[in-house]
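Encoded as structure tokens, the structure appears first; notes follow it.
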Amino acid sequence: MAGGLLASPGRWQLFHTLRLIRGLPTINLHTTRVAMVATEAEFDHAKDKLKTLKKDPGNEVKLQIYALFKQATQGPCNSSKPSMLDFVNKAKWEAWNSLGKTSTEEARQKYVDLIESLVSAEVLTESKTTVTEDLTASFQTLKVTTENNITTVMLNRPTRKNAISITMYEEIMKALKQAANDDSTLTVMTGSGDYYCSGNDLSNFTNIRPEGMEQTSKDSAALLKRYVSHYIDFPKPLIGVINGPAVGVAVTILGLFDIVYATDGATFHTPFSLLGQSPEGCSSYTFPKMMGTAKANEILLFNKKLTATQACELGLVTEVFPDSTFQKEVWKRLHAYAKLPKNSLVFSKQLIRGVEKETLHSINAQECERLKERWLSEECMKAIMNFFEKKAKL
């Protein structure tokens, strides 16, 4: 490792860049206090451990390793400073010389500590990766990952335009519950493929329970009520990253998000009356509140489909980005938000949302009761049958 440090002069610029990257394992090379002294055997063991690292720790850390190794084995720097054009050896000399009169024992201890921290950090990273993989593996319809203080819940049924099946409803609630209790600062919801979400899966309307339609309606209303409640009670900032068209409940629920970013190719459609149904997701309250009653009526009663720009003008969407730069620009912001103090965000959201939480739960219950009645009505059944007939002809 020490012999292969900064193998080419072209890496000198990279070395300076790496110095700016946060999170690299570092030590204070000028610290004089030492809590203990590593033995020769521990020093040799650390050298062996260094060889087990799977990832390059970066040039800055390798310079520290080199300098401590030289100080521990040869004492203070005793060679002439290389020429300005000898970039690699000049960097190595400066790292070694910066240790000044640090004793060989102290350098040996710091070398052991540094290697131990590198190995431990790599093990911890691998452990976190395994946990993330396990989280994703536990879902059939979602991809759930946590990285850089952000938990991302990605709807993952791209071949069905991320339509929400009964299974997906349950898994989203499970993912939100996990995200509410993990160590992340933000939770992001987005979709895979070209669609954000096409609303309810059509199979939700055809899978009638053996007990009959009345029990099916009752169960569906209870499921929807639980689902919406998870958004009402979610404690952390919840951000929608709308990567494509959104339909039905995927639109109405956005009124419960804290921020909604959309690509300019996204559309927002709530065709409730076409299906003989009524609004849900607390949209009968949140939409008029954010956009005014008349505009909300166009959307919730008369099925007006919104472009991303129109949705932004009405307050449903926070900001719209060109599709070509959407992911880059949005995630740049999200990573900046994720560095903010976690508890401050949680408490601030409580102040902003807490005053109307009881109202939202009441609205949710009323909407679900109305939908239960709608699903049992002849008008709704005819509308859904007509919808299926039109789909079959396409």
Side-chain angles (χ1 to χ4, degrees), residues 128-201 203-204 227-228 230-231 234-268 281 308 311 316-321 323-338:
K128 287 183 177 179
T129 300
T130 300
V131 169
T132 298
E133 291 173 350
D134 288 344
L135 281 176
T136 299
S138 67
F139 295 97
Q140 298 177 37
T141 65
L142 308 175
K143 286 184 178 179
V144 181
T145 57
T146 299
E147 187 177 3
N148 297 324
N149 294 327
I150 302 173
T151 293
T152 303
V153 179
M154 178 180 285
L155 311 183
N156 190 37
R157 301 181 74 207
T159 59
R160 300 299 298 272
K161 299 179 181 178
N162 296 324
I164 307 180
S165 62
I166 300 299
T167 299
M168 184 183 277
Y169 272 116
E170 294 289 355
E171 291 193 341
I172 292 174
M173 287 188 281
K174 176 182 176 182
L176 289 175
K177 185 176 181 180
Q178 289 181 354
N181 295 303
D182 67 19
D183 293 329
S184 64
T185 302
L186 308 176
T187 298
V188 172
M189 188 166 288
T190 190
S192 62
D194 297 329
Y195 259 70
Y196 171 65
C197 177
S198 58
N200 272 298
D201 192 299
S203 64
N204 296 348
Y227 179 71
V228 176
H230 276 70
Y231 290 88
F234 194 74
K236 300 177 182 178
L238 181 61
I239 300 174
V241 176
I242 314 304
N243 57 295
V247 180
V249 69
V251 177
T252 56
I253 207 74
L254 294 178
L256 300 175
F257 281 58
D258 299 295
I259 291 178
V260 178
Y261 292 135
T263 170
D264 59 7
T267 56
F268 302 83
L316 181 62
V317 169
T318 309
E319 191 169 348
V320 178
F321 299 84
D323 190 64
S324 59
T325 59
F326 175 59
Q327 296 292 344
K328 179 181 178 181
E329 292 188 52
V330 167
W331 282 97
K332 181 180 179 181
R333 294 193 185 191
L334 296 179
H335 286 135
Y337 298 159

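Sequence positions, counted from 1, serve as the residue numbers for this chain. Predicted model only: the values in this text are computed from it and were never measured.
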### Query
For the side chain of Lys236 and the backbone of Ala179, is there at least one donor-acceptor N/O pair under 3.5 Å apart?
yes

#### Entry: Spacing of CD1 belonging to Ile164 relative to CG belonging to Asp201, to within rounding of 0.5 Å
9.5 Å

### Task
May I ask you to check whether Phe257 and Tyr231 place their ring centers less than 6.0 Å from one another?
yes

### Query
Got a second to check how far Leu142's CG is from Glu171's CD, nearest 0.5 Å?
5.0 Å

### Partner residues of Asp194 under the side chain to side chain contact (heavy atoms under 4.5 Å, CB included) criterion, sequence neighbours left out
none

#### Entry: Contacts of Asn148 that satisfy side chain to side chain contact (heavy atoms under 4.5 Å, CB included) - sequence neighbours left out
His335

### Query
Counting N and O atoms only, with roles assigned by atom type, does the side chain of Asp183 sit under 3.5 Å from a partner on the main chain of Asn149, one being a donor and the other an acceptor?
no

### Side chain Asn200, main chain Ala163, donor-acceptor under 3.5 Å
no

### Task
Evaluate side chain to side chain contact (heavy atoms under 4.5 Å, CB included) for Lys174 paired with Phe139, printing each intermediate quantity in order.
CA-CA 9 Å; Lys174 176 182 176 182; Phe139 295 97; 3.7 Å; yes

### Task
Give every residue pair that meets the salt bridge (Lys or Arg N to Asp or Glu O under 4.0 Å) criterion with at least one member in residues 251-263, sequence neighbours excluded.
Asp258-Lys349, Asp258-Arg353

### Query
Just one of Asp182, Thr185, Thr187, Thr145 clears the side-chain hydrogen bond (donor to acceptor under 3.5 Å, both in side chains) bar with Thr151, so which one?
Asp182

### Task
Keeping the roles fixed (side chain from Thr318, backbone from Ile259), state whether a donor-acceptor pair exists under 3.5 Å.
no

### Query
Hey, does the side chain of Thr263 reach the backbone of Phe326 with a donor-acceptor pair shorter than 3.5 angstrom?
no

### Summary
Rounded to the nearest 0.5 angstrom, the CD1-OH distance for Ile172 and Tyr227 is 3.5 Å

### Task
Identify the two heavy atoms, one from Asp264 and one from Ala308, that lie closest to each other, and give their separation to 0.1 Å.
CA-CB, 4.1 Å

Which atom pairs, one a donor and one an acceptor, fall under 3.5 Å between side chains of residues 245-253 and the rest of the protein, sequence neighbours left out?
{"residue": "Thr252", "atom": "OG1", "partner": "Val249", "partner atom": "O", "Å": "3.3"}
{"residue": "Thr252", "atom": "OG1", "partner": "Glu280", "partner atom": "O", "Å": "3.3"}
{"residue": "Thr252", "atom": "OG1", "partner": "Glu280", "partner atom": "OE1", "Å": "2.7"}

### Message
If we ignore hydrogens and angles and just use 3.5 Å, is the side chain of Asn162 paired with the main-chain N or O of Arg157 as donor and acceptor?
### Response
yes

### Query
Can you list the residues that meet the salt bridge (Lys or Arg N to Asp or Glu O under 4.0 Å) rule with Glu170, with sequence neighbours excluded?
Arg226

### Message
For a quick test of reading the model, state the closest non-hydrogen atom pair linking Thr190 to Val241 and the distance between them.
### Response
OG1-O, 2.7 Å

### Query
Under 3.5 Å, side chain of Ser192 to main-chain N/O of Leu155, donor-acceptor pair present?
yes

#### Entry: Check against side chain to side chain contact (heavy atoms under 4.5 Å, CB included), Tyr196 and Met189
CA-CA 9 Å; Tyr196 171 65; Met189 188 166 288; 3.6 Å; yes

### Message
Looking at every non-hydrogen atom in both residues, tell me the closest pair between Ser184 and Thr146 and how far apart they are.
### Response
CB-CG2, 4.2 Å

### Query
Do Ile239 and Ile150 have side chains that get closer than 4.5 Å, going by heavy atoms?
no

### Query
With sequence neighbours excluded, what pairs up with Pro235 under the side chain to side chain contact (heavy atoms under 4.5 Å, CB included) test?
Ala180

### Distance, nearest 0.5 Å, that separates CD of Glu147 from OG1 of Thr152
8.5 Å

### Query
Counting N and O atoms only, with roles assigned by atom type, does the side chain of Ser165 sit under 3.5 Å from a partner on the main chain of Met168, one being a donor and the other an acceptor?
yes

### Task
Verify side chain to side chain donor-acceptor pair (under 3.5 Å) between Gln140 and Thr167, making sure each step is shown before the conclusion.
CA-CA 8 Å; Gln140 298 177 37; Thr167 299; 5.2 Å; no

### Query
Quick one: CG on Leu256 to NE2 on His230, what's the gap to the nearest 0.5 Å?
13.5 Å

